[in-house]
2 protein chains.
Amino acid sequence: MQMPTPDQGIVARKDHIVARLEAVLPRGAVVHDPIQTRAYECDALTAYKCPPLCAVLPASTDEVAAVMRICHEEGVPVVPRGAGTSLAGGALPTADSVILGVARLNDVLETDYDNRFIQVQSGRTNLSVTGAVEEDGFFYAPDPSSQLACAIAGNIAMNSGGAHCLKYGVTTNNLLGVTMVMADGEVVQIGGAYLDAGGLDLLGLICGSEGQLGIVTEATLRILAKPEGARPVLVGFDSNEVAGHCVSDIIKSGILPVAIEFMDRPCIRATEAFAGAGYPDCEALLIIEVEGSDAEIDDQLARIVEIAKRHNPVEVRESNSAEESAAIWLGRKSAFGAMGQINDYMCLDGTIPVNELPLVLRRISEMSKDYGLDVGNVFHAGDGNMHPLILFDANKPGDLEKCEALGADILTLCVEVGGCLTGEHGVGVEKRDLMAKQYGPEDLDIQMAVKDVFDPKWLLNPAKVFPLEASEGRRG
Amino acid sequence: MQMPTPDQGIVARKDHIVARLEAVLPRGAVVHDPIQTRAYECDALTAYKCPPLCAVLPASTDEVAAVMRICHEEGVPVVPRGAGTSLAGGALPTADSVILGVARLNDVLETDYDNRFIQVQSGRTNLSVTGAVEEDGFFYAPDPSSQLACAIAGNIAMNSGGAHCLKYGVTTNNLLGVTMVMADGEVVQIGGAYLDAGGLDLLGLICGSEGQLGIVTEATLRILAKPEGARPVLVGFDSNEVAGHCVSDIIKSGILPVAIEFMDRPCIRATEAFAGAGYPDCEALLIIEVEGSDAEIDDQLARIVEIAKRHNPVEVRESNSAEESAAIWLGRKSAFGAMGQINDYMCLDGTIPVNELPLVLRRISEMSKDYGLDVGNVFHAGDGNMHPLILFDANKPGDLEKCEALGADILTLCVEVGGCLTGEHGVGVEKRDLMAKQYGPEDLDIQMAVKDVFDPKWLLNPAKVFPLEASEGRRG
């Protein structure tokens with residue numbers, strides 16, 4: 001992974017920069033000892049590592065603004081960091097950068113049940129947003145797998161989804177407003193707690209912008225009333241293609257399940273060996289969950305089962321109790337762990353048109369044979385967000401490179417069938433060079449021109465998202 | 001309404017400009033006879049009028065691009081026009097501008113039921129989008145009152161909603177991608193038919209940008225399966241405040257009706273006199289409609305009625321047949337006509353936090369007395385999008401000015417309680433000067449900086465959205 005050469009002038013001024021940062025932050029909020037900065041050398045994409053110049057841990061919007069003013073004056077790059085769970089290297093430092101960690105920004109600022117929103121500082125973890133309102137019968141819908149650890153700031157940066165996003169939308173559909181510190185330290189409010197504000201929708205621009213445009217310090221989030229209940233049904237098929245058609249038909253019918261999860265045979269087998277969930281031994285299975293009152297659940301499940309039965313399923317397993325529901329989910333929830341037992345894996349994140357599912361699964365299986373690396377598929381099928389898991393051996397020389405090449409081929413296929421490079425993990429450094437497969441030079445130019453407006457010196461989250469060649473003339 | 005002085009140099013070059021436009025468009029697609037350009041002198045905000053230099057009616061993206069290249073080279077402002085139904089003067093010409101009408105861009109380009117989208121040219125009317133798919137059991141959800149006439153291009157420009165938007169969202173939630181011609185004639189694709197593309201979400205920026213950033217020529221729209229059925233319930237209350245609380249409690253409970261429509265006493269009385277729908281004579285009434293299968297409808301209505309009964313309604317009228325449903329809707333659908341029978345009216349479009357409904361209704365009633373102008377309220381209560389109707393007499397000197405001042409006071413109140421100036425009509429020229437009430441100079445600066453990127457010469461839809469003083473240094 002090529003990274004730009006660090007600015008040695010900045011590295012030489014490290015003591016001066018650290019002293020200026022320490023002057024505006026509380027004791028202990030500037031981490032500069034090389035042993036301690038190692039903690040920030042990578043995120044969950046651990047293949048790439050580089051310790052930063054230093055890290056700061058501000059606890060308020062004012063402290064973030066003070067940091068940004070100093071870095072702007074000194075021309076120092078800033079890498080914003082949520083909880084460091086990015087699978088795409090979204091928080092990978094450069095040697096001349098300051099890591100701005102939001103972990104101490106974790107307060108709840110306001111809850112308003114009449115207007116169904118919560119305002120939090122952006123470092124709060126995803127699950128603890130729901131934790132703050134669940135006693136009163138509410139929840140925050142987006143639920144990435146990492147929700148115990150990941151920060152709202154990172155969810156906003158990557159526009160994260162989760163199992164519930166088929167029904168409730170991804171982060172951008174549940175984000176009402178942000179407080180953002182600009183590259184030069186200016187503080188702006190974008191959006192608000194109520195219906196879209198007038199003027200240009202800059203909130204849509206911020207969500208998913210991967211730390212390229214500013215530092216989000218506070219977020220106003222939509223909260224929803226908890227449904228009365230939820231119940232899954234498991235359906236097994238003897239072909240991926242037929243399972244894919246069943247997903248299309250459910251979506252087309254207008255029923256909106258909370259989740260439609262898809263597992264293919266490699267995944268089912270690994271999962272059964274690991275968790276013994278009692279899944280049928282078939283080519284593909286769907287777990288479809290609906291929510292609502294008992295009457296709503298009965299009605300929706302009856303219609304789903306009717307559609308499924310038209311596709312000659314090998315098994316339809318309805319749940320009649322909480323225990324049976326848990327058994328249906330057990331395998332799915334163990335799938336990543338089960339695959340990890342077998343081998344190291346790389347988790348991809350492409351999206352495709354739902355109707356291309358059968359073709360894409362067939363092509364992945366062919367590519368998997370060509371490369372000699374196994375691929376398991378377990379993903380959110382309802383909205384076409386795929387997470388192919390490529391199995392490899394990190395200790396075998398050349399295996400990581402083969403895995404990267406296969407990953408690039410699979411993501412390129414996603415783009416070719418009309419989908420895109422990322423659903424919820426972001427581009428980061430991982431898919432930076434693939435952006436040219438999805439976007440022409442003019443498209444990239446417009447995107448970079450927008451960054452010019454927000455970050456004229458290109459100091460924010462350097463070397464991410466845009467191919468280095470494309471951004472070369474713009475970087476300072 | 002102050003408008004910038006027309007550029008006399010452009011006006012003097014009219015023949016040359018018309019000749020260049022005629023050279024790239026089919027016969028009859030350039031309208032320049034002063035008698036014919038009168039047809040474009042205003043939109044549905046008829047209080048302000050100005051004939052354009054000329055109007056063009058291109059029928060393809062390539063023709064639009066050819067027009068934009070010429071106007072860019074000649075430095076001529078371009079005012080994009082959908083169907084001219086804007087209530088905010090969004091398509092008001094200046095004397096030195098070319099009106100770019102999209103009426104001939106009305107083809108369906110693709111329908112895809114598996115992936116639930118339709119791609120149309122942007123001049124297609126809202127209702128005829130549904131018309132193209134309803135035989136196959138689908139519909140396009142956003143349904144502004146003007147849906148018979150209004151164009152998708154205008155819906156995108158203003159981010160229009162409608163009665164169904166409580167459940168299905170407004171235009172931005174149903175728009176997947178656009179083809180847009182930039183100010184200099186370059187053609188770009190933004191978004192696409194499937195899950196959000198990677199990179200910056202420029203689609204969110206385009207939707208609601210009121211023709212300031214480019215000309216949308218094609219749009220990919222989400223279509224939905226038609227629900228099996230729908231049924232309303234009417235609930236009357238003896239106070240606006242209690243009706244407001246009932247709305248909050250329904251929303252808070254997690255039930256998502258398709259529509260919650262609110263009418264206050266002035267509106268109920270006018271409507272009864274006009275349509276004789278048999279509404280109860282009360283202070284406020286709600287019409288709440290739910291959709292789904294029969295079982296879902298029964299279940300949701302039972303829960304809604306239970307919540308309503310906790311608020312001591314003066315009447316709860318459930319529907320038992322299609323005729324009874326139609327009777328419940330009759331008054332609401334006649335409300336605008338009924339108010340128009342009494343007098344001229346101006347229809348406002350503010351949004352407020354749902355829990356501020358009682359306060360805002362009380363303040364509007366006080367202001368109405370102070371100004372001596374009646375105000376009726378009929379609006380989408382579920383999402384806080386208000387449409388106060390101010391009654392005035394267009395033939396009485398000074399009445400329009402009083403009406404405008406009252407309207408500005410009401411919209412300022414919306415901003416003060418945490419809402420905003422517009423829900424779905426846009427800022428246009430009507431609310432241009434009120435933008436400074438909602439946004440500080442820095443916020444406006446960011447918004448204008450984004451326009452700088454897309455339209456460096458500030459030729460697109462001049463004198464709209466931004467206060468003239470604020471944009472002065474930027475305009476050519």
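Just the heavy atoms: all of them, side chains too, but no hydrogens, waters or symmetry mates, feed the values below. Naming convention: chains lettered A, B, ... in sequence-line order (proteins, then strands); numbering from 1 in each chain.
For the residue pair B:Tyr168 and B:Glu291, a side-chain donor N or O sits within less than 3.5 Å of a side-chain acceptor on the partner. A:Thr351 and A:Asn385 share no side-chain donor-acceptor pair at under 3.5 Å. With no hydrogens or angles considered, a side-chain donor-acceptor pair links A:Thr422 and A:Asp349 at under 3.5 Å.
A parallel orientation is assigned to the rings of A:Phe138 and A:Tyr113, their planes being inclined by less than 30° (bins at 30° and 60°). A:His387 and A:His380 have perpendicular rings, their planes meeting at more than 60° on a 0 to 90° scale where under 30° would count as parallel.
The most heavy-atom pairs under 4.5 Å with chain A, out of B:Ala295, B:Ser293, B:Ala449, come from B:Ser293. When each of B:Met182, B:His245, B:Arg116 is scored by its heavy-atom pairs under 4.5 Å with chain A, the top score falls to B:Arg116. Of the residues considered (A:Ile251, A:Val188, A:Asp443, A:Ile223), A:Ile251 shows the highest number of contacts with chain B, using heavy-atom pairs under 4.5 Å. Ranking A:Asn355, A:Asp294, A:Val415 against chain B, the residue ahead of the rest is A:Asn355, based on heavy-atom pairs under 4.5 Å. Chosen from A:Glu228, A:Gln189, A:Lys226, the residue pairing most often with chain B at heavy-atom distances under 4.5 Å is A:Glu228. When each of B:Gly254, B:Gly426, B:Pro353 is checked for heavy-atom pairs under 4.5 Å with chain A, B:Pro353 comes out on top.
The pair B:Glu296-A:Arg303 meets the salt-bridge criterion, since a charged nitrogen lies less than 4.0 angstrom from a carboxylate oxygen.
No part of B:Asp298 comes within reach of chain A, as not one of its non-hydrogen atoms sits under 4.5 angstrom from that chain. Residue B:Leu224 does not touch chain A at all, counting heavy-atom pairs closer than 4.5 Å. Residue contact with chain A, scored on non-hydrogen atoms closer than 4.5 Å, involves the side chain of B:Asp299 exclusively. Proximity to chain B is limited to the side chain of A:Asn115, based on heavy atoms less than 4.5 angstrom apart. Residue A:Phe117 does not touch chain B at all, counting heavy-atom pairs closer than 4.5 Å. Of the atoms belonging to A:Val453, it is side-chain heavy atoms, and not backbone ones, that fall under 4.5 Å from chain B. For A:Asp452, no part lies near chain B; criterion is any non-hydrogen pair under 4.5 Å.
Put simply, the side chain of A:Asn174 never gets that close to the backbone of A:Tyr140: no donor and acceptor are under 3.5 Å apart.
Here B:Lys252 pairs with A:Asp114, B:Asp249 under the salt bridge (charged side-chain N to carboxylate O under 4.0 Å, His left out) rule; sequence neighbours left out.
Residue A:Lys437 places its NZ atom among 12 or fewer non-hydrogen atoms of other residues, nucleotides or ligands, all under 6.0 Å distant.
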